[in-house]
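See structure below.
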Amino acid sequence: MIWNPQYECQGAEERRLLQLARLKNLVETLYSRVPFYKAKLDSAGVHPRDVKSLADIAKLPFTVKDDLRETYPYGLLACPQAEIEEVHMSSGTTGVPVVDAYTRFDIECWEEGMARTLSGAGATRHDTVQVAYGYGLFTGGLGAHYGAKRVGATVIPMSSGNTPKQLMVMRDFGTTVIACTPSYALFLAEEAKESGLDPKSLKLRAGCFGAEPWSENMRKQIEAAWGIDAYDIYGLTEITGPGVAFECECKDGMHVSEDLFYPEIIDPESGRPLPDGEKGELVFTTLVKEGTPLLRYRTRDVTFITRGTCACGRTTAKIHRLFGRTDDMLIIRGVNVFPSQIEHALIEIEGTDPNYLIVLDRGESHLDEVELQVEVKKELFTDETRSLESLRNKIEAVMKSKLGIQLKVKLVEPKTIERSIGKAKRVIDRRKI
Ligand code: ADP
Ligand code: ZN
């Protein structure tokens with residue numbers, strides 16, 4: 001099902017003209033309305049009139065996550081605040097969050113992107129879509145919700161968690177499409193079996209899975225466990241949330257909604273644009289966003305772009321399944337976590353040394369499990385076990401409230417965590433995904 005053939009199947013030349021007109025308009029808007037961007041463009045020595053072709057985008061400055069943090073909360077607003085209808089923020093950041101502020105038109109574009117995404121998975125008004133991404137500031141839940149409403153499906157706004165109820169609702173309401181993280185999809189299948197419910201006996205036939213890295217192997221596992229088609233979907237808060245790119249029935253790369261988001265691949269070291277087919281860092285420019293439009297936002301996600309007419313009929317560029325990131329950001333149960341955030345939280349807790357190791361694994365449950373090994377001061381080890389126990393509880397509570405993730409703390413004696421020369425190794429990722 002192609003939701004919007006006009007844009008999804010547009011001819012290459014026509015699309016380029018549309019993108020150029022939108023890019024010019026964007027740069028003019030940013031230059032005249034957002035002092036942050038005026039300064040950025042001025043110091044790069046470019047003026048909106050210098051954008052004459054799409055290739056000229058390479059002359060424009062990048063935007064990075066820190067720019068968004070430094071301008072928190074409303075420094076990148078490109079419209080009067082009264083026009084803002086809704087605000088979202090990126091998941092799990094301890095420090096300053098990254099904000100996406102949406103006007104009515106921005107919400108409509110978000111719905112459009114997610115309607116295309118769900119249609120890619122074959123969803124129509126005859127479907128019942130269970131949204132098991134978290135609702136709230138996180139963009140996953142509401143993004144999928146808006147898109148499902150747009151295609152006219154019946155929406156079940158479950159949000160994440162409460163597994164027995166997810167299964168009950170799925171069975172009783174005959175859910176046909178689920179939207180959640182891929183690891184949760186596997187976990188749900190296991191739980192269903194455990195509770196005596198055969199996942200294959202349910203009406204579920206498709207799932208839109210994203211917000212965290214996964215693999216072809218996981219796709220096979222999910223499809224086999226549920227007897228469904230599993231589709232990879234991609235998005236990020238900064239650009240709009242989910243609905244930026246999605247797989248069609250070919251399951252061979254994710255179609256980018258190029259009329260809304262202009263993709264580039266760059267060499268992460270030099271910042272130079274790379275040709276199609278070459279692996280590098282994905283960069284997005286929002287072409288029509290009104291609230292917080294972004295110029296050449298560096299996603300830190302690694303992939304490559306392919307172009308041409310897909311067997312599904314769409315002509316939009318595709319990005320390959322993500323290979324990883326150029327920074328050290330971890331995605332733990334869908335929550336974005338930087339090791340530095342754990343470090344900052346630890347420093348404030350008395351009795352610990354800033355020597356720690358994060359060990360990630362996926363156990364039987366298929367969900368991410370985190371062990372945080374922390375070195376404690378010598379005195380504490382000679383002390384009673386009670387104070388060790390309370391320190392452990394305290395660290396777990398602090399991490400839960402500051403990072404939004406549940407982890408197990410293991411206190412270790414001083415100097416037991418291996419020291420490395422140069423950059424400390426803070427993460428051991430044993431997750432087989
Ligand atoms: P969300 O988790 O809603 O997609 P966030 O802004 O919290 O949005 O996180 C965005 C990041 O999540 C992306 O930059 C990417 O690293 C990761 N991500 C999102 N979708 C996928 C996907 N399908 N595969 C791999 N990683 C993904
Ligand atoms: Zn396709």
Side-chain angles (χ1 to χ4, degrees), residues 1-3 5 8-9 64-65 68 88-93 97-100 110 113-114 116-117 119-122 131 133-145 147 160 179-185 207-216 218-219 230-257 281-284 294 297-303 306-338 404-405 431 433:
M1 253 287 289
I2 299 178
W3 177 253
E8 296 183 76
C9 307
V64 295
K65 213 189 248 299
L68 275 72
H88 284 270
M89 289 174 213
S90 69
S91 52
T93 26
V98 160
V99 176
D100 193 350
W110 194 14
M114 273 311 288
R116 292 183 194 176
T117 300
S119 301
V131 180
Y133 283 117
Y135 279 64
L137 285 176
F138 176 58
T139 53
L142 280 163
H145 184 96
S160 51
C180 64
T181 58
S183 54
Y184 191 63
C208 291
F209 304 118
E212 65 181 13
W214 57 311
S215 59
E216 282 309 311
M218 265 182 87
R219 182 190 333 250
Y231 298 90
D232 196 5
I233 72 169
Y234 171 82
L236 63 166
T237 310
E238 294 89 321
I239 299 305
T240 202
V244 175
F246 61 93
E247 277 184 335
C248 62
E249 65 269 24
C250 303
K251 298 181 191 163
D252 177 28
M254 296 181 273
H255 285 283
V256 177
S257 285
E281 182 180 333
L282 181 61
V283 170
F284 275 113
L294 296 182
Y297 181 69
R298 293 188 59 163
T299 65
R300 302 286 170 187
D301 290 317
V302 178
T303 183
T306 51
R307 277 175 227 271
T309 305
C310 180
C312 72
R314 291 175 181 84
T315 54
T316 42
K318 292 204 275 194
I319 52 170
H320 185 273
R321 180 188 283 287
L322 269 53
F323 292 100
R325 295 185 53 88
T326 63
D327 60 9
D328 58 354
M329 187 178 94
L330 301 166
I331 303 182
I332 302 171
R333 296 202 181 188
V335 177
N336 303 347
V337 180
F338 286 94
I405 54 167
R431 294 178 292 185
I433 52 175

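Atoms within a ligand are numbered from 1 in the order they appear, just like the ligands themselves.
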Do NZ/NE/NH1/NH2 and the carboxylate oxygens of Arg219 and Glu247 come within less than 4.0 Å?
-> yes
Report yes if some N/O of Gly235 lies less than 3.5 Å from some N/O of ligand 1; otherwise report no.
-> yes
What part of Tyr133, side chain, backbone, both or neither, has a heavy atom within less than 4.0 angstrom of ligand 1?
-> neither
Would you check the N or O atoms of Thr139, main chain and side chain alike, for any that come under 3.5 Å of an N or O of ligand 1?
-> yes
For Glu281 and Thr326, indicate whether the former's side chain and the latter's backbone hold a donor-acceptor pair under 3.5 Å.
-> no
Quick check: does any side chain N or O of Thr303 sit under 3.5 Å from a backbone N or O of Leu322, one acting as donor and the other as acceptor?
-> no
Is there a donor-acceptor pair under 3.5 Å between the side chain of Arg321 and the backbone N or O of Trp214?
-> yes
For the pair Lys318 (side chain) and Asp252 (backbone), establish whether a donor and an acceptor sit closer than 3.5 Å, ignoring hydrogens and angles.
-> yes
Is Asn336 close to ligand 1, meaning an N/O of one under 3.5 Å from an N/O of the other?
-> yes
If you measure from each heavy atom of Gly241 to ligand 1, is any distance below 4.0 Å?
-> no
For ligand 1, which atoms have a heavy atom of Arg325 less than 4.0 angstrom away?
-> 14 (O), 16 (O)
Here the atoms of ligand 1 under 4.0 Å from any heavy atom belonging to Asp232 are 22 (C), 23 (N)
So the atoms of ligand 1 within less than 4.0 Å of a heavy atom of Gly210 turn out to be 23 (N)
At a non-hydrogen distance cut-off of under 4.0 Å, which region of Asp301 contacts ligand 1 (side chain, backbone, both, or neither)?
-> side chain
Which atoms of ligand 1 sit under 4.0 Å from any heavy atom of Thr237?
-> 5 (P), 6 (O), 7 (O), 8 (O)
Please confirm whether the backbone N or O of Lys65 pairs with a side-chain atom of Glu238, one donor and one acceptor, at under 3.5 Å?
-> no
State the atom name: nearest N, O or S atom of His255 to the Zn ion (ligand 2).
-> NE2
Option passing ring pair (Phe, Tyr, Trp, His ring centres under 6.0 Å) with His145 (candidates Trp110, Tyr135, Tyr133) = Tyr135
May I ask you to check whether Ile233 has an N/O atom sitting below 3.5 Å from an N/O atom of ligand 1?
-> yes
Judged by modelled atom types alone, do Thr316 and His255 share a side-chain donor-acceptor pair under 3.5 Å?
-> yes
With no hydrogens and no angle check, is any side-chain donor or acceptor of Ser90 less than 3.5 Å from a backbone partner on Phe138?
-> no
Give the contacting part of Glu212 toward ligand 1: side chain, backbone, both or neither, where contact means a heavy-atom distance below 4.0 Å.
-> backbone
What atoms of ligand 1 come closer than 4.0 angstrom to any heavy atom of Ile331?
-> 12 (O), 16 (O), 17 (C)
Side chain of His88, backbone of Gly136: donor and acceptor closer than 3.5 Å?
-> yes
Output yes if Cys312 passes the N/O/S-under-2.8 Å test against the Zn ion (ligand 2); output no otherwise.
-> yes
Can you sort out which atoms of ligand 1 are near Phe138, meaning under 4.0 Å from one of its heavy atoms?
-> 1 (P), 2 (O), 3 (O)
